[in-house]
Amino acid sequence: MPALTFNLDTTEACELVDITDAVSGMLPDMPSAGAVLVSSVHTTAAIMVNEGHDPDVQADLLRALAPLAARDDYEHAEGNSDAHLKVALLGASQLIPISGGRLQLGKWQRIFFCEFDGPRTSRMIVVTPLAGA
Amino acid sequence: MPALTFNLDTTEACELVDITDAVSGMLPDMPSAGAVLVSSVHTTAAIMVNEGHDPDVQADLLRALAPLAARDDYEHAEGNSDAHLKVALLGASQLIPISGGRLQLGKWQRIFFCEFDGPRTSRMIVVTPLAGA
Amino acid sequence: MPALTFNLDTTEACELVDITDAVSGMLPDMPSAGAVLVSSVHTTAAIMVNEGHDPDVQADLLRALAPLAARDDYEHAEGNSDAHLKVALLGASQLIPISGGRLQLGKWQRIFFCEFDGPRTSRMIVVTPLAGA
């Protein structure tokens, strides 16, 4: 079947957008056992699985990532090398197990689209079901 | 088939537990070609593939990760935001290729459950076989 | 089918090698929908998906990673613990969606073999096709 995709707009320079429900909503088109690959097609936005209950955690994560990527000697003319580094560290995709027709996430786990060079319109996420065995 | 899981207890605040043999032991229930997804269902514990021969490497990794996540301005009241950041950096899961009925790991590679907010009892790992093609 | 592999030599201590074309060249042996798992079998070399258009980005990434892993108190006698940490941060593998017989990468995304303890000969990459569903 063709790739599933969805788009979203971001409103901040750096922002974590909870996309768990968007992915879960595609489960009727997926196998009842296997996994779903959630991929960013962007090089300045990552996908992460992490705590989704307390918004303080998400703010803490963004604040802690910033100095890891802050440098004054980047050469890339677009000035967003810090965003590329954050994507390198967090990853362009995450793979979530499916069992019994449900995402096998822990109680506190959520899937986040991580904007690091926003705000942007029409960020695209590719959602790929993979067969269990 | 239903998801495979196993549990383990950790004994330190931060600790790398080699789970390669636990995953390998499930190979009879898996396809002879494909991959196995090893997932933490926790937001303060990661999965990593790295060097498993010299315990000094594992101690070095834990010591080098600590300052990357150390901050005095975290707002999350539970006080474990550093653990959430480490999980963001290392990842909640790892996908290991299977060929000829064996994990396709390099000579020095092992799979680690990475505890960052321990000690804890009954940490759970989900093991999901995926079909080759 | 047996695992697909290929080898490459690296020429620098730290170096990003674009392996997208090597992976794409294997697509005729893969399903038209699913994903391809690209794995390093080494513990001092990672796989990353990131910007491949401007070489300045790649230089920036290597330069920004260096201080994150730089320490003077590593105990591992081989002296390459910084490389192990970089692999922990970037990951030993990446999973790329396939749809319509093509890698579903964004316009600027490329797949990189990341050498962190080179130069080395015959670094090996394992390429595993996974079935869509």
Side-chain angles (χ1 to χ4, degrees), chain B residues 16 31-38 46-70 85-112 114 116 128-133, chain C residues 1-5 26-27 29-47 65 67-96 98 117 123-133:
Chain B
L16 304 182
S32 62
V36 55
L37 174 60
V38 181
I47 308 292
M48 173 182 73
V49 172
N50 216 309
E51 216 264 27
H53 182 69
D54 179 358
D56 281 349
V57 172
Q58 294 141 55
D60 283 349
L61 289 174
L62 290 177
R63 195 163 44 233
L65 277 169
L68 300 185
L85 181 70
K86 291 173 183 176
V87 171
L89 297 176
L90 267 55
S93 68
Q94 296 289 334
L95 186 61
I96 318 296
I98 301 174
S99 180
R102 301 184 56 170
L103 299 178
Q104 294 301 292
L105 290 171
K107 182 178 182 181
W108 309 110
Q109 285 181 317
R110 304 289 287 181
I111 310 166
F112 292 95
C114 309
F116 293 126
T128 308
L130 298 177
Chain C
M1 76 184 213
L4 302 165
T5 64
M26 294 176 172
L27 283 170
D29 295 324
M30 297 195 195
S32 62
V36 55
L37 174 60
V38 181
S39 309
S40 165
V41 298
H42 307 285
T43 58
T44 54
I47 308 292
L65 276 169
L68 301 184
R71 294 180 64 87
D72 54 15
D73 60 353
Y74 283 131
E75 295 187 1
H76 180 45
E78 286 189 81
N80 57 0
S81 284
D82 63 324
H84 294 302
L85 181 70
K86 291 174 184 176
V87 171
L89 296 176
L90 268 55
S93 68
Q94 296 290 332
L95 185 61
I96 317 296
I98 302 174
D117 193 29
R123 290 298 219 179
M124 188 169 90
I125 295 99
V126 176
V127 179
T128 307
L130 299 179

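What you see below is based on every heavy atom in this structure, not just the backbone, and it leaves out hydrogens, waters and symmetry mates. Chain letters run A, B, ... following the sequence lines, proteins first, then strands; residues in each count from 1.
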- Item | Top of C/Thr44, C/Leu85, C/Val87, C/Leu90 for chain B proximity - count of heavy-atom pairs under 4.5 angstrom | C/Leu85
- Query: How far apart are the C-alpha atoms of B/Asp60 and C/His84, what are their side-chain angles, what is the distance that settles it, and do they pass the side chain to side chain contact (heavy atoms under 4.5 Å, CB included) test?
  - Reply: CA-CA 9 Å; B/Asp60 283 349; C/His84 294 302; over 6 Å; no
- Note on the structure: Looking only at B/Val49, B/Asn50, B/Leu61, the option with the highest number of non-hydrogen pairs under 4.5 Å against chain C is B/Asn50
- Would you say the side-chain atoms of B/Arg63 pair up with the backbone N or O of C/Asp73, donor to acceptor, closer than 3.5 Å? yes
- Go through the steps to decide whether C/Leu89 and B/Leu65 satisfy the test side chain to side chain contact (heavy atoms under 4.5 Å, CB included), and finish with yes or no. CA-CA 9 Å; C/Leu89 296 176; B/Leu65 277 169; 4.1 Å; yes
- Heavy-atom pair of closest approach, residues B/Gly34 and C/Thr128: O-CG2, 3.4 Å
- Task: Kindly give the heavy-atom pair with the smallest separation between C/Arg71 and B/Pro67, and that separation in Å.
- Result: NH1-CG, 3.3 Å
- Query: If you look at every heavy atom in B/Asp54 and C/His76, which pair is closest and at what distance?
  - Reply: OD2-ND1, 2.6 Å
- Applying a strict 4.5 Å limit to non-hydrogen atoms, the region of B/Ala35 in contact with chain C is both
- Message: Does atom CZ (B/Arg102) have a neighbourhood of more than 12 heavy atoms from anything else shown, all under 6.0 Å?
- Response: no
- Under 4.5 Å between any side-chain heavy atoms of C/Val41 and B/Gln104, yes or no? no
- Query: Minimum heavy-atom separation for B/Gly132 to C/Ala131, with atom names?
  - Reply: O-CB, 3.5 Å
- Message: Treating B/Gln94 as the side-chain partner and C/Ala92 as the backbone partner, does any N or O pair qualify as donor plus acceptor under 3.5 Å?
- Response: no
- Message: Quick one, B/Leu95 and C/Leu130 - any side-chain contact, counting heavy atoms below 4.5 Å?
- Response: yes
- Query: chain B: which of C/Met124, C/Glu78, C/Glu75 shares the most heavy-atom pairs with it under 4.5 Å?
  - Reply: C/Glu75
- Does any heavy atom of chain B fall under 4.5 Å from the side chain of C/Thr43, the backbone, both, or neither of them? both
